[in-house]
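Beneath this line is the structure, given in structure tokens, with notes to follow.
Just so it is clear, the values below take in all heavy atoms, side chains as well, and ignore hydrogens, waters and symmetry mates. Counting starts at 1 for both ligands and their atoms, in listed order.
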Amino acid sequence: MNLSDKFARGQTMFFRFFADVFFAKRYGHRAVVLETIAGVPGMVAGMWIHLRSLRQMKTGYGPTIRELLAEAENERMHLMFFIDIAKPNALERALILAAQAIFWNYYFVFYVFFPKTAHKMIHYFEEEAVSSYTQYLEMIESGKIEDVPAPQLAIDYYSLASDARLSDMIQCVRADEQHHADVNLRMATGQLHEEVSTPFKQDEASPTAPSNVFLSEAGGQG
Ligand SMILES: [Fe+2]
Ligand SMILES: [Fe+2]
């Protein structure tokens with residue numbers, strides 16, 4: 001582990017500690033609040049690379065920008081699903097406001113100076129998200145949390161069966177988080193401006209995903 005790894009890992013453990021203390025086993029609430037944070041890094045990084053492309057007047061950044069903005073969009077959709085499952089209380093709403101104000105600025109400055117470490121940190125964040133959705137699934141499987149019907153928005157977005165349950169939705173969300181973890185690791189290890197992957201499979205299935213419209217209109221180049 002080099003210094004960058006240690007810092008990225010340390011930051012992740014720091015945030016994880018607060019999430020564990022604050023939410024304990026309230027996984028629905030944990031998901032709502034953390035998805036409001038998860039939607040930030042892709043937007044910050046996508047915006048910064050977009051601005052870099054403008055400053056340098058160079059092409060070649062398009063696939064990376066679209067991947068990052070698609071990540072932010074995907075996290076925003078996760079939030080919309082979980083808001084159906086758990087409504088944040090007043091304290092959590094205040095926390096979301098404070099966290100967004102702090103985290104946006106923190107992540108922006110961090111990203112400008114240390115983009116690879118920033119991607120590594122998001123890689124670790126996403127790995128934590130995978131493990132916390134796995135715990136959420138285990139709570140449902142053991143009957144401690146009711147496996148309620150999945151929100152209609154998630155059924156449409158992931159093309160799930162009409163009688164899909166919360167557990168089906170969480171499996172899809174967890175697969176998205178794994179994808180984010182992989183993409184951010186590749187960006188952290190030097191493939192920052194190469195074509196990193198195909199767009200999210202679920203975006204193609206989603207009638208509402210604007211990134212797809214954008215991709216076909218833009219012809220996938222840039
Ligand atoms: Fe997410
Ligand atoms: Fe994610």
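Of the charged side-chain nitrogens involved, at least one lies within less than 4.0 Å of a carboxylate oxygen, so that Arg16 and Asp20 count as a salt-bridged pair. Between Arg76 and Glu71 there is no salt bridge, since no side-chain nitrogen of the basic residue lies less than 4.0 Å from a carboxylate oxygen of the acidic one.
At a threshold of 2.8 Å, the Fe ion (ligand 2) has no backbone or side-chain N, O or S atom of Asp176 nearer than that distance.
Nearest to the Fe ion (ligand 2), among the N, O or S atoms that Glu75 has, is OE2. Note on His78: its N/O/S atom closest to the Fe ion (ligand 1) is ND1. Nearest to the Fe ion (ligand 2), among the N, O or S atoms that Glu126 has, is OE1. For the Fe ion (ligand 2), the nearest N, O or S atom contributed by His180 is named ND1. For Glu177, the N, O or S atom with the smallest separation from the Fe ion (ligand 1) is OE2.
Without hydrogens or angle criteria, Ser142 side chain to Glu138 main chain gives a donor-acceptor distance under 3.5 Å.
Looking at His78 and Glu177, their side chains do bring a donor and an acceptor atom within 3.5 Å of each other.
For the pair Arg174 and Tyr133, the cation-pi test (distance below 6.0 Å, angle within 45°) is failed.
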